[in-house]
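For reference, the structure is listed below as structure tokens.
Proteins get letters first, then strands, A, B, ... in listed order; numbering begins at 1 in each.
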Amino acid sequence: MEQTLLQQGLQLMLFGMGTVFIFLVVLIACTTLMSRAVLRFAPADFPPVVTSNATAQGGSAQKADRTRLIVAITAALHQHRARRDK
Amino acid sequence: MEQTLLQQGLQLMLFGMGTVFIFLVVLIACTTLMSRAVLRFAPADFPPVVTSNATAQGGSAQKADRTRLIVAITAALHQHRARRDK
Amino acid sequence: MEQTLLQQGLQLMLFGMGTVFIFLVVLIACTTLMSRAVLRFAPADFPPVVTSNATAQGGSAQKADRTRLIVAITAALHQHRARRDK
Amino acid sequence: MEALLGLWADSGISQLQAGQAFMLAIGLLLLYLAIKRGFEPLLLLPIGFGTILVNIPGADFNAAPIYDALGHLASPGGILYYIYHTGIETGIFPLIIFMGVGALTDFGPLLANPKTLLLGAAAQFGIFFTVIGAVLLGTFNIIDFSIADAAAIGIIGGADGPTAIFVASKLAPDLLGAIAVAAYSYMAMVPIIQPPIMRALTTEAERKIEMQQLRPVARAERVFFPLLLLLLVALFLPSAAPLLGMFCLGNLMRESGVVDRLADTTQNALINIVTIFLGLGVGSKLNAEQFLEVKTLGILLLGIVAFAIGTASGVLMAKLMNKFSTHKVNPLIGAAGVSAVPMAARVANKVGLEANPHNFLLMHAMGPNVAGVLGSAVAAGVMLSVVGN
Amino acid sequence: MEALLGLWADSGISQLQAGQAFMLAIGLLLLYLAIKRGFEPLLLLPIGFGTILVNIPGADFNAAPIYDALGHLASPGGILYYIYHTGIETGIFPLIIFMGVGALTDFGPLLANPKTLLLGAAAQFGIFFTVIGAVLLGTFNIIDFSIADAAAIGIIGGADGPTAIFVASKLAPDLLGAIAVAAYSYMAMVPIIQPPIMRALTTEAERKIEMQQLRPVARAERVFFPLLLLLLVALFLPSAAPLLGMFCLGNLMRESGVVDRLADTTQNALINIVTIFLGLGVGSKLNAEQFLEVKTLGILLLGIVAFAIGTASGVLMAKLMNKFSTHKVNPLIGAAGVSAVPMAARVANKVGLEANPHNFLLMHAMGPNVAGVLGSAVAAGVMLSVVGN
Amino acid sequence: MEALLGLWADSGISQLQAGQAFMLAIGLLLLYLAIKRGFEPLLLLPIGFGTILVNIPGADFNAAPIYDALGHLASPGGILYYIYHTGIETGIFPLIIFMGVGALTDFGPLLANPKTLLLGAAAQFGIFFTVIGAVLLGTFNIIDFSIADAAAIGIIGGADGPTAIFVASKLAPDLLGAIAVAAYSYMAMVPIIQPPIMRALTTEAERKIEMQQLRPVARAERVFFPLLLLLLVALFLPSAAPLLGMFCLGNLMRESGVVDRLADTTQNALINIVTIFLGLGVGSKLNAEQFLEVKTLGILLLGIVAFAIGTASGVLMAKLMNKFSTHKVNPLIGAAGVSAVPMAARVANKVGLEANPHNFLLMHAMGPNVAGVLGSAVAAGVMLSVVGN
Ligand code: NA
Ligand code: NA
Ligand code: NA
């Protein structure tokens with residue numbers, strides 16, 4: 001017997017949302033386990049800075065580079081000034 | 001009756017130069033109207049610098065970037081010196 | 001009569017190594033002649049710096065750029081300090 | 001008789017030209033939205049431009065190449081033909097874009113608070129609710145949507161451009177133009193669509209909830225996460241492997257730290273080149289015959305429903321999670337689960353600041369935001385495996 | 001008998017090898033011009049290198065791939081075969097280059113003084129005069145040029161590489177190598193070709209004319225201009241739409257300010273990559289059979305005539321404009337109407353400075369210079385629509 | 001009967017899945033080597049990732065596209081199918097990489113001391129010795145290698161990735177995956193493989209030999225060298241022209257100084273993009289059927305033999321040269337003749353410093369190092385012309 005279009009749609013919804021939830025729940029579990037394992041076996045491996053939204057999707061690496069450069073220049077000038085003021 | 005090669009060539013020249021001139025004259029007219037409309041309805045929208053040939057075909061964006069950077073550094077140094085000399 | 005696989009392999013080795021050596025010996029000869037000709041007819045064409053492994057395979061141009069920039073900044077600061085100290 | 005036929009032909013042509021003129025106006029509208037209103041310009045500018053090009057009468061941008069009997073090229077095709085058929089029909093461009101998005105994605109906030117993945121899951125309800133909407137329109141003969149059409153339209157609710165284009169190119173290529181335009185337009189309109197729904201479904205007190213600062217995330221966690229995701233996909237959901245595999249490759253290049261020059265090119269030159277051609281290729285589907293259909297109206301209508309339902313589901317899921325957890329989440333970040341990275345996260349932050357000027361939700365919202373990307377890629381995999389054959 | 005056939009074959013081969021040896025020398029000459037004389041090195045270096053590669057006996061760079069009966073690849077083709085057939089025969093590479101040129105073009109000077117478009121129009125007379133020249137050579141059976149050949153040769157006078165390659169690849173692929181080499185060589189020789197003509201046709205007083213400083217141009221004008229151009233092309237000249245459409249896309253990306261990362265990639269990585277392969281592909285047409293023809297001599301001769309006539313027409317049109325206008329233009333900038341951007345504008349500036357050391361014509365000459373790009377693209381459109389079928 | 005068939009099918013599938021599971025582990029191993037151990041990550045990361053993708057059951061990354069009777073695409077292929085067949089089977093990707101390597105190669109040290117080319121020649125003995133090894137395995141029916149297989153395996157000893165991939169794709173595509181993995185893995189293991197051999201074949205006194213500082217090299221020499229090399233290839237070894245021609249093009253772009261923007265893109269965006277896809281394409285050949293063969297074991301075994309013999313030959317040739325020359329060379333730099341640029345040169349430098357802390361051999365070792373690239377490209381040309389038909 002042919003399924004109606006509506007039956008197909010409902011099945012797709014149930015199967016789809018089910019899969020999405022199960023998959024992401026499994027991912028939560030595995031991620032949590034993985035993080036714990038990492039923190040136990042390689043605890044010293046922390047980056048100096050926490051996640052920043054500057055590097056999130058859309059931010060360009062070049063912009064980040066330029067920022068870092070400006071920071072470096074500013075730092076150089078500061079250091080220089082500090083040395084001079086001694 | 002077949003056209004001779006020369007006839008074809010002459011026709012191409014007349015039709016071609018005609019089209020080029022008509023098209024570009026129409027473009028002049030439309031551009032002038034467009035510019036007037038812009039200057040009437042959005043007069044405040046001027047860029048700080050007039051057109052420069054540095055950005056014309058052949059100039060690379062990277063070069064411009066580097067130049068801007070050097071300008072920035074020079075400015076920083078100047079500012080710094082000025083502050084120091086106070 | 002068919003050649004055995006081993007015969008083919010030995011022939012490939014002899015012909016291959018022979019070609020490699022002959023080709024590179026010819027290249028040595030031509031390169032030496034070319035270098036002599038260049039040094040005789042265009043002696044003034046020396047680069048300021050000798051070959052550096054920084055630019056060998058694997059080094060990225062961007063890194064070199066950044067290095068050059070840092071050098072430039074350092075130089076600017078030095079020059080500035082020198083002038084100040086006069 | 002001949003005169004009549006001629007008349008018909010004329011009117012046919014003039015009708016076609018009316019359609020093309022209308023599509024030229026649509027193309028200009030998209031350019032206006034991109035340039036003046038800032039609606040996802042990286043995509044809508046090339047899409048709008050492609051729309052104009054493909055609707056220039058007699059310019060044949062979409063013409064197929066013609067080969068003579070010996071297989072030699074007698075007449076080359078139009079450039080949009082080549083772009084669409086090599087890059088979009090094959091799925092290559094959306095997959096490369098997805099690799100680039102992976103290389104630009106920071107999973108740090110998600111790793112610091114993995115339960116926000118649930119918000120990204122819940123927001124996908126918008127997708128499947130829309131499928132039902134399309135199916136109902138089909139069932140009641142209002143618009144003639146097939147189940148494949150319905151699935152492709154639903155994916156608009158994923159709020160993720162390359163996913164939508166990838167799915168639509170496989171399931172409903174005729175609707176690709178309308179679907180892509182709807183997806184990117186509504187993504188750009190997230191700051192208009194989402195806030196009223198977010199405010200309606202939350203109390204002032206809920207919107208004021210401050211969340212704990214995220215813990216720092218180790219580099220090793222960042223490296224392992226794309227591999228873990230890849231293996232789970234490999235084991236449980238191979239139909240999502242093209243999208244999520246390329247995404248994980250980009251992210252691994254980013255986080256491994258050993259191939260920075262590859263990651264850099266992926267994030268810049270490569271994704272930019274492909275974005276231009278992807279946009280033009282999508283634009284080539286915005287031709288009068290395929291776009292000026294009642295189906296397009298249906299798609300635009302269903303698309304906004306999808307965004308609204310997805311937003312609501314994310315917020316409600318966050319409220320549900322708060323019933324079972326001691327670490328309260330601010331339900332506003334649930335709305336970021338639709339993805340539309342990073343716009344939806346910024347919206348959550350902004351609405352949060354209105355309620356509590358010291359409450360910066362941005363980083364907290366980035367978790368569900370990228371989770372939404374994964375969620376809709378999973379949903380896409382399900383659709384491709386269920387409907388795709 | 002067999003001995004004779006063998007002899008013939010041998011001599012045939014040795015003759016072929018003589019041709020190839022000659023072409024290797026041509027390749028080296030092009031490299032010399034590019035590297036030592038600075039003749040348009042971005043194109044002539046890859047073209048010269050491609051010329052050498054394709055003429056290496058037995059290296060098969062131009063070999064077509066061979067497929068077995070089942071459609072599997074039995075023997076892959078040479079890399080130049082793939083480059084030519086995917087990128088040049090289809091027109092894709094010249095169009096992408098044109099997009100890049102659009103992204104590098106500043107229409108500011110043209111917008112500040114739109115009537116300089118007339119100079120760009122007049123200079124295209126070089127194109128059509130050359131067509132007549134080629135047709136006469138054909139009519140009197142000196143060289144056997146068809147009308148399509150004549151049109152493709154004429155476009156050399158457009159002084160615009162991608163336009164010439166695009167037109168030649170459609171109308172006269174056999175002549176593509178010679179046409180591209182002539183176009184780029186003469187563009188590089190503009191500082192030698194143009195000044196005598198410019199001096200001969202102008203008086204000292206005319207060369208001293210100082211022009212008013214250009215008005216500043218609003219950003220909105222810059223954004224609207226490519227759209228305006230695109231719409232005029234769409235309405236009046238669809239056959240020019242591929243070239244000018246891609247050009248306008250590049251320019252819009254540049255000027256819109258909302259897709260800077262796309263514009264940057266278009267101006268750099270993308271145009272550079274395509275330039276290398278375009279050059280190699282053009283070089284692949286510089287093989288002995290196709291290049292060592294009396295036609296090539298005709299092309300080289302007609303090409304320089306085209307440049308000379310174009311230069312003269314531009315200058316004379318400027319003088320004509322001065323008869324009807326109160327704002328005098330310096331007729332030297334008319335020579336920049338041939339395009340050859342930005343070389344011809346620099347030449348106008350230099351010749352102007354000789355007459356009046358305080359007269360900087362560079363920015364004034366950029367207007368007709370970019371107008372010449374548009375003018376020859378329009379001419380190309382006419383030729384493709386009239387001769388192309 | 002049906003039950004039995006079903007059982008067989010099941011076991012067949014489960015067997016296949018065991019193979020795929022094993023290959024997934026191999027992919028993870030390659031990623032581990034790339035990320036954690038720093039083994040040539042630019043290639044091994046994409047190769048390892050491609051290995052995982054292609055072995056995901058049901059993900060069809062290697063599926064061929066299906067066309068209907070009218071030639072329309074009924075079902076698009078997998079992305080790895082497209083990458084392999086457009087980029088690797090045709091030889092295009094390795095050739096573009098070679099162009100990029102040329103643009104990154106500094107021939108200065110080689111030009112300052114051209115006789116080090118002999119060291120690069122001698123080290124190729126590893127290639128041909130390995131051919132004999134493979135042939136012996138075939139002759140005694142231990143592993144069924146053909147002469148084409150043997151040649152492709154031998155090229156591992158060239159210690160040059162793109163050359164190995166180019167040759168293997170033409171002579172033994174089934175072995176491509178194993179050959180590429182062996183080549184890159186052993187290149188990464190050069191610091192482990194070479195030093196014992198170098199120490200065993202040299203005396204302490206020999207290792208202490210200090211070499212004269214290299215003379216400065218004129219720019220003209222650098223420009224002429226790739227042209228000279230190209231002409232010699234054109235005259236004497238056309239079968240090596242694809243590899244060495246593209247290499248010379250890259251190097252000429254670098255050294256000519258007139259096309260810096262092209263050289264820059266070749267060294268960065270272009271080589272990076274192609275590296276990613278080359279790696280994925282190679283990974284697509286690491287599928288269970290083609291990799292889980294006894295041949296793979298043979299390849300891995302023969303590959304390490306090739307590296308060892310190549311190292312030894314280079315060192316011994318350096319000692320032989322010292323018998324006939326007054327300018328002594330330190331025999332350690334002979335080991336750099338295998339190529340594996342720049343790793344092998346660094347190893348020579350390190351082992352030299354152990355014997356004499358003031359003896360910096362790095363620049364001296366760069367000469368034989370890049371000579372080894374040329375040597376193995378020449379060897380590749382010989383193999384393609386002798387075995388390729
Ligand atoms: Na989503
Ligand atoms: Na022109
Ligand atoms: Na080698």
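When each of F/I271, F/L136, F/L232 is scored by its heavy-atom pairs under 4.5 Å with chain C, the top score falls to F/L232. Taking chain F as the reference chain and counting heavy-atom pairs below 4.5 Å, the highest number among C/V20, C/V26, C/I22, C/T19 is found for C/V20. With chain C as partner, the option from F/V233, F/L42, F/L110 having the largest number of non-hydrogen pairs under 4.5 angstrom is F/V233. Put simply, of F/L229, F/L237, F/I127, the one with the most heavy-atom pairs under 4.5 Å next to chain C is F/L229. Counting heavy-atom pairs closer than 4.5 Å to chain C, the top-ranked of the candidates F/T139, F/V131, F/I147 is F/I147.
Rounding to the nearest 0.5 Å gives a distance of 12.0 Å between CE of F/M383 and CZ of C/F15. Note: C/S35 OG to F/R222 CZ = 10.5 Å, rounded to the nearest 0.5 Å. Expressed to the nearest 0.5 Å, how far CZ of F/F128 lies from CG of C/L12 amounts to 5.5 Å. For the atom pair CD1 of F/I132 and CG of C/L10, the computed distance is 4.0 Å after rounding to the nearest 0.5 Å. Rounding to the nearest 0.5 angstrom, the gap separating the CG atom in C/L5 from the CZ atom in F/F145 is 11.0 Å. The CZ atom of C/F21 sits 11.0 Å away from atom CG of F/L117, with the distance rounded to the nearest 0.5 Å.
F/A134 does not touch chain C: none of its heavy atoms, backbone or side chain, sits under 4.5 Å away. Both the backbone and the side chain of F/A379 come within contact range of chain C, each with at least one heavy atom under 4.5 Å from a heavy atom of that chain. For F/T116, no part sits under 4.5 Å from any heavy atom of chain C, backbone or side chain. Within the 4.5 angstrom heavy-atom criterion, no atom of F/M343 approaches chain C.
Enclosure of atom CZ in F/F129 is not indicated, since only 12 or fewer non-hydrogen atoms of other residues, nucleotides or ligands lie within 6.0 angstrom. For F/F39, the CZ atom sits in a packed shell: over 12 heavy atoms of surrounding residues, nucleotides or ligands are nearer than 6.0 Å.
Pairing each heavy atom of C/T31 with each of F/P114, the nearest pair is CG2-CB, 4.3 Å. Scanning both residues, F/E221 and C/M34, for their nearest heavy atoms gives O-CE, 3.5 Å. The nearest pair of heavy atoms linking C/M13 to F/F125 is SD-CE1, 4.0 Å. In terms of heavy-atom proximity, F/A218 sits nearest to C/L39 at CB-CD2, 4.5 Å.
Counting heavy atoms from C-beta outward, F/V382 and C/M17 have side chains that stay 4.5 Å or more apart. Residues C/L24 and F/L118 fail the side-chain proximity criterion, which asks for heavy atoms closer than 4.5 Å. For the pair C/L27/F/L374, a side-chain contact is recorded, criterion being any heavy-atom separation below 4.5 Å from C-beta on.
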